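Residue indices begin at 1 and follow the sequence shown. Everything numeric in this text was worked out from a predicted model, so none of it was measured. Quick note: numbers below take in every heavy atom, side chains included, and nothing from hydrogens, waters or symmetry partners.
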Amino acid sequence: MHKQELIKPYKGNSCKREQVELMFNRIARTYDALNHTLAWGIDKRWRKQAIDSLKPYAPKHILDIATGTGDFALLAAKRLKPESIVGADISEGMMNVGREKVHREGLDNVIRFVNEDCTQMSFADNSFDAVTSAYGVRNFEHLDDALREMHRVLKPSGRLAIVELCTPNRFPMKQLFALYARVVMPLIGRIVSRDNSAYTYLPMSMEAFPQGEVMKGILEKAGFKDVKFRRFTFGISTLYQATK
């Protein structure tokens, strides 16, 4: 079991999956604006770089895991021009916001949303040219199972692109970010989202999530090859790339 699997948004005996679903349903309407504010808008650049890493492979059918409100799926549709994108998530509240955004952009014929448990997905083997996930895998209750499922639904030679938040490990960014994440982030999160736990859970989940070489090893264990990672902005975010 990985340390991040033990970190839950709320107190109580319910499993992490149930708590994560409840949390995202609660904060769905404020999620986009608050996240962009807390990341100073830099997250938009991170997402573009992650999507652009797939351009050489021109994927036609994409699965976006933990799609949330569909930001990553929308960006992929615009920059990669695939035939179809499936956005999968356990939070209907988040996906309902995503459906509204997709409809406004006129992309209903490209992007669809489905409620899926990432550890037991209903898709057939070898279904997608690419699997993506942006800032969602740290919320998985069973990381290894989810990664094996991602590998299963990818076509042979299909590409994986995961971009995830992490904590800087060098002075002075490590100390500055710790202060921001533990004090400023929870305060703003409580005020805007009115959820006292969601933005306390966020920095805790970041600190607990396996990073760099450790995450590379976990991806290789799940069956992926040619695993690479690239850090953004002093190590606040990391892009993991791999092939089936």
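Atom-to-atom distance recorded for Arg138:CZ and Leu143:CG is 12.5 Å, nearest 0.5 angstrom. Arg190 contributes atom CZ, which lies 5.5 Å from atom OG1 of Thr200 (distance to the nearest 0.5 angstrom). Atom CG of Leu179 sits about 11.0 Å away from atom CE of Met185, to the nearest 0.5 Å. Of the inter-residue distances, the one linking Ser133 atom OG with Met150 atom CE reads 5.0 Å to the nearest 0.5 angstrom. One distance of note links CG of Leu75 with CG of Leu80; it measures 8.0 Å at 0.5 Å rounding. In this structure, the separation between NE2 on His61 and CG on Leu154 is 13.0 Å, given to the nearest 0.5 Å.
A salt bridge links Arg47 to Asp43: at least one charged side-chain nitrogen sits closer than 4.0 Å to a carboxylate oxygen. The existence of a salt bridge linking Glu141 and Arg17 is excluded, since no basic side-chain nitrogen approaches an acidic carboxylate oxygen closer than 4.0 Å. One finds no salt bridge joining Glu18 and Lys8 here, because no Lys/Arg side-chain nitrogen approaches an Asp/Glu carboxylate oxygen to under 4.0 Å.
Judged by distance alone, the side chains of Tyr10 and Asp195 do bring a donor and an acceptor atom under 3.5 Å apart. For the 3.5 Å distance criterion, the side chains of Glu149 and Thr119 fail to qualify, holding no donor opposite an acceptor.
For the pair Arg159 and Tyr57, the distance from NZ or CZ to the six-membered ring centre is under 6.0 Å and the angle to the ring normal is within 45 degrees.
Between the side chain of Glu220 and the main chain of Val227, no donor-acceptor pair closer than 3.5 Å is present.
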ask   = When you look at Glu207 and Thr167, which way does the side-chain hydrogen bond (donor to acceptor under 3.5 Å, both in side chains) test go after all the steps?
value = CA-CA 6 Å; Glu207 290 178 14; Thr167 53; over 6 Å; no
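Side chains of Asp71 and Lys101 form a contact here, defined as non-hydrogen atoms less than 4.5 Å apart.
Note on Val183: it does not cluster hydrophobically with Tyr201, by side-chain heavy-atom contacts below 4.5 Å among ILVMFWY residues. The hydrophobic cluster containing Val214 also contains Val137, counting ILVMFWY residues as joined when their side-chain heavy atoms lie under 4.5 angstrom apart, directly or transitively. By the rule that hydrophobic residues join a cluster once side-chain heavy atoms approach within less than 4.5 Å of another member, Leu202 and Phe177 end up as members of one cluster. Tracing side-chain contacts under 4.5 Å through hydrophobic residues (I, L, V, M, F, W, Y), one reaches Met204 starting from Tyr199; they form part of the same cluster.
Using a 30° and 60° split on the angle between ring planes, Phe128 and Phe123 fall in the perpendicular class, above 60°. Ring planes of Phe24 and Tyr31: perpendicular class, angle over 60° (limits at 30 and 60°).
Within 6.0 Å of CZ in Arg182 there are 12 or fewer heavy atoms belonging to other residues, nucleotides or ligands. No more than 12 heavy-atom neighbours from other residues, nucleotides or ligands sit within 6.0 angstrom of CZ on Arg112. Heavy atoms of other residues, nucleotides or ligands lying less than 6.0 angstrom from CZ of Phe234 number 12 at most.
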